[in-house]
Structures are given as structure tokens and as C-alpha cells.
Amino acid sequence: MEFVLKHAAFAHLREVGPFPCTLNPHEAESLALVGAMIDQVLELHPGARWLHIGCDEVYYLGEGEASRRWLQQEQNSIGKLCLSHMRAVASRVQARRPSVTPLVWDDMLRDLPEDQLTASGVPQLVEPVLWDYAADLDVHGKVLLMQKYWRCGFLRLWAASAFKGATGPSQAVPPIKHHLRNHVQWLQVAGSRPTDSLQGIILTGWQRYDHFSVLCELLPAGVPSLAACLQLLLHGGFDEDAKAKVENLLGISNLEMMDPVREGAGSFPGSNILALVTQVSLHLRSSVDVLLEGNTYITGWFSPYHRRRKLIHPVMVQHIQPAALSLLAQWSTLVQELEATLQLAFYPDAVEEWLEENVHPSLQRLQALLQDLSEVATSPPPPPPPPTSPGRDAVQDP
């Protein structure tokens, strides 16, 4: 709900005033808002068989004033409040289009008592999606959770993995091995029960952790991970044949490549974006760090102390400036190419944000160094320090 509740026009529907991540379930306008969203989505997808209505991570449910009053009544609980709203939203979907099945994330259901879940009526309305994106997913724990849901009356269950996202809010390129391992373990979950134990698996691909976080992996950077995870699911594992098929489909020489600019990023749409993003991610910040923190001419003769006071041995400008100019020119050329390539696939604000987060800080450090060098090279030398009076114990010439 953040993408709605973050706007001032809908802020009055927040469960807790300052936090736009939880809807107030007591307001009639809240359900009307969600209903309008459902209607719009269904109108745009006339052939839909399922509609995911979310309902996860409602951290602040129960903390609003109306909820506090409601919870003071006997036998009311946050779990009951959550199930009531979930039932209302799912009923809206089925009233609007009976052929569509609502899906919900399962995390708000995991710890609820079985008798409460069973009696709520929710198991007859929705199908839970069990999500877990970890490389060390607890297979046995997931099987036990599925058994709980079946006992409560949920007839069909789904799994959810991730092919990008879930490994860091500012991650630029997905760690493919992490995501492959996650899918291997989901297959173990599915294989531990009858073959119809799960209806399917949803491969999520995150673009942000929430509506206030930075962009994580761009879709073109996630295509190899998506292809590898899909082949793993189709093959029942990721052996050499599955790996070779991914590499052949994408036109890449090695799925485990670390430098696609040198080794070839592939022939799939967006592969040029992947190559440039990977180059920036792997090398931009580290190359600037090496220059600014590892170049002895800079650390020894143009340290932050010197830069603040505009002090430098004149000959050192010749040792520092060419290297900094060369590095800036190298990265400026690549960044211009990256920006032009990103503009073909993304809106201007997304391009601006990605560059500002991932490129500009390092380039600005280089530009600031060169600016300081330019100023110190053109400024007159500082006056010599004033003479000091000899101390009482100083040795003086006769």
C-alpha cells in the first residue's frame, strides 16, 4: 500500500500517521480504495485466473487509535483483525469476478493458531503463497508449515522465490549462486510431499525493497539469473546440461563470468546494459579508491590535510594530475555509453537515480581531487611561517 499511502491525498488512511506502510482496516474508505484498485487490475487483465492481493508484513497493524479501541474488546486480537480485512478484500475479488482466485503472502498467517485460521473462513477464499528467498531455506520447517495450512483448510498452496532482489537493497548484479541454491531447496520442499503439494512457484524480481529505498538490480542485469533459475526448475537441478542451455540461449560463454565486458555479456536484449552495469559495479569505486588511497603521491603529498590548506610540492602535481585525468576520462566515456544505453530502456528519472546512486559519488571524488589540484597549482605559494622565539633551553650560536 505504500505507493498509495505515501501520497498526502491518502495519508488519512494510514494505520499509524507517520508510516505509509499499513492501511487502517477500520475506515470504510480503506476498503473502497482497495476495491477500486482491484477493479482496475481486473479490468486490465480480463483473462486473469489469479489475483495477488498482498497482505504481507503489516508491521504496524493494531497500533492505530481505532485498532487500539477495537483490541480492547474481549476476544479481539491482531490476528483476528488481519484475517477480517483479508476476508473482506478476497470477498471483493470474488464478488467482482468469481473465476479469479485471490493469492496472499503467507507471513501474517504463519504464527496464527490453527483454530483461529480454520474458523476465519479465509482458507475457503484465498491460496497462500509461502515466500522465502534465503539460500539456506529451512526445508523441514516449510514442510511443517504446509501441513499446518492443509489442516486449517487451505486446499492449494504456492511457493515464492526470487531471481533478483532479496540479497541487498543496493545490489547491482544478482548473485546467481544464491538464487540457484534457493530454488534447489524449494524443489526439495516440493519433493517432500505428494506431487500436487504446490500449485506452482512465483519467481519474484524485486526493483526496490520498498517505495523509499534505492533501486536494486535492474531487470537486464537479472536476466541471466532468471534464465538459470527457470532452467533449474525445468531440469529438477542445475547440472552442466542446464547450465549449457542457459549459456546457449543467452549467447554468453560462461554464466559464472565476473567481467562481461571482457568475456562477452551475451546476445539477449539488455545484455549491453548488463555488461556496463557490471563493469561499474565491479570496478568504478575500487579504481577510484586505489588512486585516492593507494597512490603514494596522493597519500604522501596531497592528503586531506594538504588539500584543505591548498599545500603541495609543485613537482607532485605532475605525478598526480595525469593519472587522475586518465581515470576520469576512462570512466566518463563508459558512463556516457551507459547513460545512452539506459535511456533506451528506462524512464529518465530511473536513469538519473541509478547514475546518481552508483556512478556520481565516485566520479565526484575524482573531480574534487582535480579541482583541488587546479586551485593549488594556480594559487601563490603560502607565506613562510613567522619566526619563533628560541626557548629557554635552545642552543644559540655564539
Side-chain angles (χ1 to χ4, degrees), residues 1-6 19-23 37 41 45 50-59 103-108 110 128-138 142 158-187 189 200-233 238 246 250 255 265 268-271 273-274 276-278 280-282 342 345-347 349-359:
M1 295 302 299
E2 282 177 346
F3 86 103
V4 174
L5 297 181
K6 69 184 180 183
F19 304 144
C21 44
T22 303
L23 185 70
M37 293 162 60
V41 173
H45 299 276
W50 301 279
L51 175 63
H52 205 311
I53 59 173
C55 300
D56 70 323
E57 299 183 340
V58 194
Y59 297 132
L103 306 182
V104 296
W105 298 121
D106 83 304
D107 55 284
M108 296 300 293
R110 292 172 191 169
V129 183
L130 288 71
W131 60 262
D132 198 317
Y133 315 115
D136 56 350
L137 182 154
D138 179 1
K142 284 291 178 290
W158 297 75
S161 60
F163 71 90
K164 75 181 185 79
T167 59
S170 59
Q171 185 79 260
V173 180
I176 295 178
K177 288 183 178 179
H178 173 103
H179 297 295
L180 288 174
R181 178 62 182 159
N182 175 248
H183 285 84
V184 165
Q185 293 180 302
W186 270 120
L187 284 179
V189 173
I201 183 167
I202 298 169
L203 288 81
T204 68
W206 306 18
Q207 197 58 90
R208 300 181 193 273
Y209 271 51
D210 61 35
H211 275 257
F212 296 84
S213 66
V214 299
L215 290 165
C216 54
E217 302 100 313
L218 301 175
L219 178 58
V223 168
S225 178
L226 173 59
C229 293
L230 288 171
Q231 285 299 316
L232 182 150
L233 293 171
F238 200 67
V246 172
L250 300 182
L255 188 62
F268 61 91
S271 58
I273 293 178
L274 170 61
L276 293 166
V277 163
T278 304
V280 167
S281 177
L282 289 179
L342 288 174
F346 296 96
Y347 288 112
D349 58 341
V351 176
E352 178 186 18
E353 179 184 347
W354 199 92
L355 294 175
E356 193 167 323
E357 289 287 341
N358 296 279
V359 172

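One-based numbering along the sequence shown.
The backbone N or O of G222 lies less than 3.5 Å from no partner atom in the side chain of S225, so there is not a single donor-acceptor pair. With S281 contributing its side chain and V277 its backbone, the two residues share no donor-acceptor pair below 3.5 Å. Looking at S213, its side chain never comes within 3.5 Å of a backbone N or O of R208 through a donor-acceptor pair. Looking at E217, its side chain does come within 3.5 Å of a backbone N or O of G165 through a donor-acceptor pair.
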- prompt: Hey, mind stepping through W158 and W50 against side-chain contact (heavy atoms from CB on, under 4.5 Å) and telling me if it holds?
  reply: CA-CA 12 Å; W158 297 75; W50 301 279; 3.5 Å; yes
message: With side-chain contact (heavy atoms from CB on, under 4.5 Å) as the criterion, how do V223 and F163 come out once you've worked through the C-alpha distance, each side chain's angles and the decisive distance to 0.1 Å?
response: CA-CA 9 Å; V223 168; F163 71 90; over 6 Å; no
message: Under the criterion side-chain contact (heavy atoms from CB on, under 4.5 Å), I'd like the reasoning laid out for L232 against L187: C-alpha separation, chi angles, the key distance, then a yes or no.
response: CA-CA 9 Å; L232 182 150; L187 284 179; 3.6 Å; yes
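Looking only at side-chain heavy atoms (C-beta outward), P224 and L274 come within less than 4.5 Å of each other. Contact annotation: the side chain of E357 never approaches that of S170 to less than 4.5 Å [non-hydrogen atoms, C-beta and beyond]. Using a 4.5 Å heavy-atom cutoff, the side chains of L215 and F346 are not in contact.
No more than 12 heavy atoms of other residues, nucleotides or ligands sit less than 6.0 Å from atom OH of Y347. At most 12 heavy atoms of other shown residues, nucleotides or ligands fall within 6.0 angstrom of atom CD in E352.
Among residues at least two apart or in separate chains, there is no salt bridge (charged side-chain N to carboxylate O under 4.0 Å, His left out) pair with a member in residues 164-184.
Heavy-atom minimum distance, S161 versus N182: CB-OD1, 3.2 Å. Between Q231 and V246 the shortest heavy-atom distance is CG-CG2, 3.4 Å. Across M108 and V58, no two heavy atoms sit closer than the pair SD-N, 3.6 Å. Nearest heavy-atom pair across W206 and C216 is O-SG, 3.5 Å. Taking every heavy atom of both residues into account, I176 and A228 meet most closely at CG2-CB, 4.2 Å. Across all their heavy atoms, L203 and C229 have their closest contact at CD2-CB, 3.9 Å.
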Which atom pairs, one a donor and one an acceptor, fall under 3.5 Å between side chains of residues 129-138 and the rest of the protein, sequence neighbours left out?
from: W131; atom 1: NE1; to: D107; atom 2: OD1; distance (Å): 2.8
from: D132; atom 1: OD1; to: A134; atom 2: N; distance (Å): 3.1
from: D132; atom 1: OD2; to: K142; atom 2: NZ; distance (Å): 2.9
from: D138; atom 1: OD1; to: H140; atom 2: N; distance (Å): 3.4
from: D138; atom 1: OD1; to: G141; atom 2: N; distance (Å): 3.0

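Taking the six-membered ring where the residue is Trp, W105 and H52 present tilted rings, their angle falling between 30° and 60°.
Atom CG of residue L233 and atom CG of residue L180 lie 9.5 Å apart, to the nearest 0.5 angstrom. The CG atom of D106 lies 11.5 Å from the SG atom of C55; values are rounded to the nearest 0.5 Å. The OG1 atom of T167 lies 6.0 Å from the NE2 atom of H178; values are rounded to the nearest 0.5 Å.
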